[in-house]
Each structure stands twice: as structure tokens, then as C-alpha cells.
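Notes for the one structure printed next.
Numbering of ligands and ligand atoms starts at 1, following listing order. For the numbers below, each heavy atom of this structure counts, side chains included, while hydrogens, waters and symmetry mates do not.
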Amino acid sequence: MKRAASYALGCKVNQYESEAIAELFAEKGYEIVGIDEAADVYVINTCTVTNFGDKKSRQLIRKVKRQNENAVVAVVGCYAQTAPEEIMSVEGVNLVIGTKDRGQIVEMVEQYQPQNGVENYVTDIMKERVFEPLSIQKLANRTRAYLKIQDGCSQYCSYCIIPYARGPIRSREPKDVVDEVARLAENGFQEIVLAGIHVASYGKDRTDTNLLGILRKVHEVEGIRRIRFSSIEPNVVTEEFAKTMAELPKVCHHFHLSLQSGCDRTLKEMNRKYDTQKYREAATLLRKYLPDVALTTDIIVGFPGETEEDFKASYAFAEEICFAKIHVFPYSPKNGTPAAERKDQLPSNIKTDRSHQLLALSDKMSGEFLSKYVDKTVEVLYERSVEAGIYEGHTSNYMKVLTNSDVDLSNRLVFTKIVQVQGENAFGEAIL
Ligand code: SF4
């Protein structure tokens, strides 16, 4: 039996696509193995969000070829899409595919003839208007499934290459979304994360639905107990949106609401389409309808031209919003973006210092958020056993909870009393 390995670098959308690609090979009779094992086919789903992502992708290509010099190495994803010639020049590559036509990847691999050298299937993504259907059914973790409902981005943030890697926004057919959710529910999944490159844009290219419309449809699927969005933007949070979140009981009380900077001048230079006032309103609306909501976010520090004053404004705004967690990213220039061309790049010691300051704030706010739950009872969906007799799960507002139990709690929703918090974890007693 032939063996295939499918591996994603980067975001959850890439991970979803790599799972889907693995299932395509499995359907054709391949044994699916890990990326560190000897295989006949390696599919590497690359990330190009930073220049470092490019480097990691190139390193992985070389590594898998060393594992089996006769293997067919197919390189897909954002880096392959934006720089196919660069990928073609990496030793060991056989096929370059990009961010579309992955549905035919098994045929492309099987038809590949070594004497033809490197084959390049990358075509212009900017003209793409149709969502490419790739689906998953059998993820290893049987509790939470990421479901890609959207591709592409038309926001053109000044630091980001993704609109060129993924093309314009394309929303998945509502029926396909619902069918896949129903299959996942049949396979035991209770929690669905609606994911995409820019989920907030779902439905903008369609006349028959929008983000709330698809959410309502997914909400109707029996067997699904929880629904999350991978990330949203403040512009989608209207009064109607926040009210709907409270009316739909399966919607989790956790929103990853992209901020990127808490300084209006920097937001403008980043070409983000909101300001801090809009963000404040979105946070206030979500808290009005969902008082226990957890808000998490991403913030970039050391964007070109970010002064000490700008950083202080960003820090103060993060403190005001009171996040449950901040993912901090020191700015990293990405070739091909306007921000990377700027002459006012900051030295790395300033970026590191600002990262540390914001991470310390995140830890402090996270601790305060968790400690509110000590002695309270919360409902936890347990995902897995992390070691013998210890189970890990999450609440609706994404608090990580660990508990001891002799009973198998995997994939069970269990009321749990929180007794202690430590770092990012809460420890509880399951009420069985
Ligand atoms: S919204 Fe901005 S950061 Fe996000 S993918 Fe689109 S361009 Fe990139």
C-alpha cells in the first residue's frame, strides 16, 4: 500500500485543507502517515504570512525529500501561490499547486512523470470567484471540528500578503456547509468552529445568505452543541449581531475580535477598516448581550513608524477592553506588502521590549478573567485525557479546565466546579 503524508504550516484554514487532502488520499487507498515518516507522497501546505513562514516551508520540503528521495513532493498553499518560481527552485520539489485545484491533487500526483522535472499548476487566483469544495469527516480529535466556510480576503491590510495568496472573497455554498456539519455531527463532533481567511466577509459575494444566515442554518443541525467563529472583526458586530448571539444557545460566549493595534494612527496606516471607537462599541455590545463573554485578540507591536506614544495608546486601549488573552505578534516585514517597503522600520530590541510588555499585560488580564470563576460551576466540554485520569476541556467562553476523573470524560459536557486557577489553566471538580 502506498503511503502519503499531508502537513500544514500556519493557520487553521491550512490545517483544515491538509486534513481534507489527507482524506482524498485515504479514499484512493493510501495509508496516511506522519510527516516525519517515510512516505511515497508528501503534500506540504505552505504559509507565507511572514518571511519566516517561507523559510520554514523551504526547510520542511528539503527535510521530507531526505526521508525518501524517490517520494513525490507536492507543495500547495499560500507561499506556493505567491512565489511558484521560488518554490520550483527548491531542491526536491516535484509539483507546485498553490491555493486552488487541490481537489485534483491525487490525480496530479499519480500522473506525475519524474522525467518532466517540476510541474507548476499555479494559475491566477485573483480571477477566482468560486469556493473550492474540500471537505473533512474523520478528524483525529472527535470533539471540536474546524469547518472552512470562506476563502480569500479583499481587505488589503498594509502588512499582509494573504489577499494575493488567497484571492478575492468566496463563500462556501450554504448547503455544503450544512451537509458537512451534519456529517461531522454524525461522526461524533459536538463543537464546530466556523473558519475562513476572513470569516467576517462570509456571504458578501452572495445574495442568498450572510454570516448570520449561515450561523442560523448550522445552529439547526442536530447533535451540534456548540458553535464558534475562528475570528471576527468589529465591523460585523452590530446590535442585531450581538442580540442574535445571545438568542442562539449553541453560540459560544467567546469571540476572537481582531484588533491589531489600539492606536488610531497605526490602525489607519495598517489600512484596517475600523478605529478604536468602533472597536469599543463592538466590545460593549457583546458584553451587553453576553455578560460572561470572553474577548481575545491579536495585536501587532513595532509596526513601522509606531512611536512610543502610539505603543502606549495601544497598550492603554488593550487594558481598557480587558481581554481574556492577547496574541502578541512583533511586526515582521513581508516582501511584497506596502508596510515592508517603509523606511521607518523599528529595531528588533524595541519590538521585543513592546512584546514583553503586552504579554505581561495579557497574563495579568487572563489571570483576572480566570479568577472570577473560582468556586463557580461551569459547563465544560472535555476533549481528551492529557495523562492518566486527567481530562482537559473548555467552557463556552474558552476557559481551559483540567480535572481528575476515573470515568472517561472525553467528548462529554459536564458541569464542573472551579476550585483553583494557575497560569492559563483552571482546575475543577467534575460533577457527575
Ligand atoms: S483582514 Fe487583513 S490581515 Fe486578515 S487576511 Fe485580510 S489582509 Fe490579511
Side-chain angles (χ1 to χ4, degrees), residues 8-17 45-54 77-83 98-100 125-126 128-129 131-132 146 148-172 193-205 210-211 229-237 255-276 278-279 282 295-304 306 314 326-342:
L9 292 133
C11 66
K12 295 288 185 199
V13 170
N14 264 16
Q15 286 170 29
Y16 174 90
E17 292 168 347
N45 199 355
T46 54
C47 171
T48 193
V49 80
T50 61
N51 292 343
F52 183 61
D54 294 353
C78 295
Y79 182 23
Q81 182 66 46
T82 50
T99 55
K100 61 184 187 126
I125 193 76
M126 302 312 281
E128 202 57 27
R129 292 288 178 270
F131 184 93
E132 181 184 34
Y146 283 82
K148 183 180 158 193
I149 62 167
Q150 184 277 339
D151 207 339
C153 179
S154 307
Q155 298 287 305
Y156 295 97
C157 299
S158 64
Y159 53 84
C160 182
I161 197 76
I162 297 307
Y164 306 96
R166 290 280 175 170
I169 49 173
R170 281 105 67 209
S171 305
R172 191 170 184 178
V193 184
L194 301 177
I197 297 297
H198 194 246
V199 178
S201 292
Y202 182 85
K204 287 196 177 154
D205 56 331
N210 57 22
L211 191 61
F229 292 112
S230 58
S231 173
I232 54 164
E233 282 204 0
N235 287 335
V236 303
V237 184
F255 293 90
H256 190 77
L257 198 57
S258 292
L259 175 61
Q260 309 304 358
S261 172
C263 159
D264 283 325
R265 196 183 74 81
T266 311
L267 281 175
K268 210 158 179 208
E269 293 193 358
M270 287 176 163
N271 198 27
R272 300 292 289 180
K273 309 292 188 300
Y274 53 84
D275 59 13
T276 50
K278 176 69 208 167
Y279 196 99
L295 298 179
T296 55
T297 202
D298 297 327
I299 297 183
I300 296 172
V301 292
F303 186 75
E306 185 189 64
S314 198
I326 307 172
H327 297 266
V328 181
F329 297 93
Y331 170 74
S332 171
K334 176 63 208 159
N335 298 347
T337 62
E341 303 295 311
R342 288 178 56 156

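The part of His198 lying near ligand 1 is the side chain, judged by heavy-atom distances below 4.0 Å. Under 4.0 Å from ligand 1, the heavy atoms of Cys153 that appear belong solely to its side chain. Only backbone heavy atoms of Tyr156 (N, CA, C or O) come within less than 4.0 Å of ligand 1; its side chain stays farther off. With a heavy-atom cut-off of 4.0 Å, Arg166 does not touch ligand 1 at all. Of all the heavy atoms of Ser258, none lies under 4.0 Å from any atom of ligand 1, so neither backbone nor side chain is involved.
When distances to atom 8 (Fe) of ligand 1 are checked against a cut-off of 2.8 Å, Cys160 contributes an N, O or S atom below that limit.
Aromatic ring centres of Phe303 and Phe329: separated by at least 6.0 Å.
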Does the pair Arg170 and Glu132 meet the rule for a salt bridge (Lys or Arg N to Asp or Glu O under 4.0 Å), with working shown? CA-CA 9 Å; Arg170 281 105 67 209; Glu132 181 184 34; over 6 Å; no
Evaluate the side chain to side chain contact (heavy atoms under 4.5 Å, CB included) criterion for residues Asp298 and His256: first the C-alpha distance (whole Å), next the side-chain angles of each, then the deciding distance (0.1 Å), finally the verdict. CA-CA 8 Å; Asp298 297 327; His256 190 77; 3.0 Å; yes
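Ranking the protein heavy atoms by distance from atom 3 (S) of ligand 1 puts Tyr159 OH, 3.6 Å first. Among protein heavy atoms, atom 2 (Fe) of ligand 1 sits closest to Cys157 SG, 2.4 Å.
Judged purely by atom type and a 3.5 angstrom limit, Asn51 uses its side chain to pair as donor or acceptor with the backbone of Asn335. Panel note: side chain Tyr279, backbone Leu257; a donor-acceptor pair is recorded below 3.5 Å.
The neighbour count for Phe52 CZ, taken as heavy atoms of other residues, nucleotides or ligands under 6.0 Å away, does not exceed 12.
Residue contact check: Arg272 has heavy atoms under 4.0 Å from atoms 1 (S), 2 (Fe), 3 (S) of ligand 1. Every atom of ligand 1 is numbered from 1 in the order shown, and the set under 4.0 Å from a heavy atom of Pro163 is 7 (S).
A donor atom on one side chain and an acceptor atom on the other are not found under 3.5 Å apart for Ser171 and Lys204.
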